[in-house]
K.L.:
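Okay, handing you the structure first.
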Amino acid sequence: MKLLTEKQISQKQISWEEGRHIYFLLKDDMVVYIGKCSKSVPNLFSHRDKDFTDYFILRIDDENADIDLIHAEYILNLVPKYNGNLPANEFYMRKSQMKRNFDVDGFELNRLIKENGANTVYHDYYDIREVFKMSNR
């Protein structure tokens, strides 16, 4: 799935249909938060703590698409100021998640990160494909 650009998102062509969605909160034409919802309209009132002027809803039509991964990739691409964490997904993880999921200790994990030249991709998240030298699936 090709990601929309911030400019495309800010044009706000909004229509609602049941299904899975990624939603974007905008301050003027800049994305400030990205969320996801399934089967219902996002509860925008739950975001009263965020300064936004508009929103955009993107329906994810492909039932096989990993909505958590799409959500994470939009956050990585647009770096909205109110998103602090990435949703749980198969590629972007913190060290604590990698240690648990791959049964590796901190020493070995740090060695792999250094040896493979992996860098954080968002706050303290790493792309496990870089850490463990995995090819894209």
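Along the sequence shown, residues carry numbers from 1.
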K.L.:
Between A72 and P87, which heavy-atom pair has the shortest distance, and what is it?
P.N.:
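Taking every non-hydrogen atom into account, N-CG, 3.8 Å.
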K.L.:
Looking at D51 and V32, what are the two nearest heavy atoms and their distance?
P.N.:
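Answer, listing the atom of D51 first, then V32: O-CG2, 3.8 Å.
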K.L.:
Indicate the atoms forming the closest heavy-atom contact of L4 with L58, along with that distance.
P.N.:
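The answer is CD1-CD1, 4.0 Å.
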K.L.:
What are the two closest heavy atoms between D49 and S46, and how far apart are they?
P.N.:
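Shortest heavy-atom separation between D49 and S46 comes out as OD1-O, 4.0 Å.
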K.L.:
May I ask you to decide if L78's main-chain N or O and E6's side chain share a donor-acceptor pair within less than 3.5 Å?
P.N.:
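Here the side-chain-to-backbone pair does not exist.
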K.L.:
Holding to side-chain contact (heavy atoms from CB on, under 4.5 Å), I want the full list of residues that pass it with D62, two or more places apart in sequence or in another chain.
P.N.:
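D62: side-chain contact (heavy atoms from CB on, under 4.5 Å) contacts with N64, A65.
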K.L.:
Assigning hydrophobic clusters by single linkage (Ile, Leu, Val, Met, Phe, Trp, Tyr; side-chain heavy-atom cutoff under 4.5 Å), is I60 placed with L3?
P.N.:
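Linked within one cluster.
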K.L.:
Who pairs with K50 by side-chain contact (heavy atoms from CB on, under 4.5 Å), at least two apart in sequence or on another chain?
P.N.:
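K50 satisfies side-chain contact (heavy atoms from CB on, under 4.5 Å) with L25, Y33, H47, F52, Y82 once adjacent residues are dropped.
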K.L.:
Assign the ring pair F24 / Y74 to parallel, tilted or perpendicular, where the plane angle (0 to 90°) is split at 30° and 60°.
P.N.:
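Aromatic pair F24/Y74 classed perpendicular.
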K.L.:
How long is the gap from CG on D61 to NE2 on H21, to the nearest 0.5 Å?
P.N.:
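It is 8.0 Å, given to the nearest 0.5 Å.
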K.L.:
Hey, are the side chains of C37 and I57 touching, using non-hydrogen atoms and a 4.5 Å cut-off?
P.N.:
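A side-chain contact under 4.5 Å is absent here.
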K.L.:
Once rounded to the nearest 0.5 Å, what's the spacing between atom CE of M98 and atom OH of Y92?
P.N.:
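Between M98 CE and Y92 OH, I get 13.0 Å after rounding to 0.5 Å.
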K.L.:
Let me confirm one number: the CD1-CD1 distance from I22 to I34, rounded to the nearest 0.5 Å.
P.N.:
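Rounded to the nearest 0.5 Å, the CD1-CD1 separation comes to 8.0 Å.
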K.L.:
Quick check for you: to the nearest 0.5 Å, what is the distance between L112 atom CG and I128 atom CD1?
P.N.:
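Reported to 0.5 Å precision, the distance equals 12.0 Å.
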K.L.:
Could you grab the distance from atom OH of Y23 to atom NE2 of H71, nearest 0.5 Å is fine?
P.N.:
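Interatomic distance, Y23 OH to H71 NE2, rounded to 0.5 Å: 7.5 Å.
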K.L.:
Minimum heavy-atom separation for S38 and R20, please, with both atom names.
P.N.:
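Reported closest heavy-atom pair: OG-CG, 4.0 Å.
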K.L.:
Identify, with sequence neighbours excluded, every residue that meets side-chain contact (heavy atoms from CB on, under 4.5 Å) alongside T53.
P.N.:
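Checked T53 against side-chain contact (heavy atoms from CB on, under 4.5 Å); matches are K27, D28.
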K.L.:
So do the side chains of V121 and L76 get within less than 4.5 Å of each other, counting heavy atoms only?
P.N.:
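They are in contact (side-chain heavy atoms under 4.5 Å apart), so the answer is yes.
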K.L.:
Any heavy-atom pair between the side chains of N85 and R94 that's under 4.5 Å?
P.N.:
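The answer is yes, as the side chains (C-beta and beyond) meet within the 4.5 Å cut-off.
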K.L.:
Check D127, L86, N101 against M93 for a side chain to side chain contact (heavy atoms under 4.5 Å, CB included) and give me the one that passes.
P.N.:
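Of the listed residues D127, L86, N101, the side chain to side chain contact (heavy atoms under 4.5 Å, CB included) partner of M93 is N101.
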K.L.:
Only counting residues at least two apart or in another chain, list the ones meeting side-chain contact (heavy atoms from CB on, under 4.5 Å) with D66.
P.N.:
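For D66, the residues satisfying side-chain contact (heavy atoms from CB on, under 4.5 Å) (neighbours in sequence not counted) are D68, L69, E90.
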K.L.:
Listing request: all ring pair (Phe, Tyr, Trp, His ring centres under 6.0 Å) pairs with a residue in residues 113-132, at least two apart in sequence or in separate chains.
P.N.:
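Sorted pair list: F102-F132.
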K.L.:
How long is the straight-line distance from CD1 of I113 back to OG1 of T120, given to the nearest 0.5 Å?
P.N.:
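Nearest 0.5 Å value for the OG1-CD1 distance: 9.5 Å.
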K.L.:
Quick one: which residue pairs count as a salt bridge (charged side-chain N to carboxylate O under 4.0 Å, His left out) with a foot in residues 108-118, not counting sequence neighbours?
P.N.:
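Sorted result for residues 108-118: E108-R111, R111-E115.
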K.L.:
Give the intermediate values and the outcome of side-chain contact (heavy atoms from CB on, under 4.5 Å) for residues D124 and K95.
P.N.:
CA-CA 8 Å; D124 57 346; K95 285 183 177 182; over 6 Å; no
